[in-house]
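All ligand and atom numbering here is 1-based and tracks the order in the structure.
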Amino acid sequence: MMFTEEVLCRFRNPKNTGELKDYNGRGKSGDSECSDVIEMFVKFVDDKVVDAKFKVFGCPSAISITDVFIDIIKGLTIEEACNIDVFDLADALGGLPLEHMHCTKLPKNAFMKAVEEYRQNSREK
Ligand code: FES
């Protein structure tokens, strides 16, 4: 299976790349086998995701899957975002080649770390 048109489109023109200046949760996630890494910056207000951006060193799947993940989580509560099924992300891109299914874990793992940082900072205030 090759990359779908949606994967290639988001890979060429991701909407959510960059760094948020006013983030209050940040998380990094990587895969030791392929060395792909993403870093996610999230702005939470009252346990809701109001904005997010990401930086990436990775394959077309890692870029497109993270881009679509961020589109989906904007406006969701932390709990709703944590319940997103990574297979639904692949479906949103019209599918991924089997050898790239591991890429779907990166955005969710980075998001969970951003949630941890946000909660840690909230407790310390
Ligand atoms: S090839 Fe490893 S995250 Fe995409």
### Message
Does any part of the side chain of E117, heavy atoms only, come nearer than 4.5 Å to the side chain of Q120, both counted from C-beta?
### Response
no

### Message
Closer than 2.8 Å to atom 2 (Fe) of ligand 1: does that hold for any N, O or S atom in H100?
### Response
no

### Message
Give me the nearest non-hydrogen protein atom to atom 3 (S) of ligand 1 as residue plus atom name, then the distance to 0.1 Å.
### Response
D36 OD2, 3.0 Å

### Query
Which of the atoms in ligand 1, numbered in the order shown and given with their element, are less than 4.0 Å from a heavy-atom of H102?
1 (S), 2 (Fe), 3 (S), 4 (Fe)

### Query
Should the ring pair F69 and F111 be called parallel, tilted or perpendicular, given that the plane angle runs from 0 to 90° and is split at 30 and 60?
perpendicular

### Query
Can you tell me if CG on N83 sees more than 12 non-hydrogen neighbours from other groups inside 6.0 Å?
yes

### Task
Could you tell me whether the side chain of F87 reaches within less than 4.5 Å of the side chain of T104, counting heavy atoms only?
no

### Query
Of all the atoms in C103, is at least one N, O or S atom closer to atom 4 (Fe) of ligand 1 than 2.8 Å?
yes

### Task
Would you check if the side chain of Y23 reaches a backbone N or O of M40 as a donor-acceptor pair within less than 3.5 Å?
no

### Message
Looking at atom 4 (Fe) of ligand 1, is there an N, O or S atom belonging to C59 that lies under 2.8 Å away from it?
### Response
yes

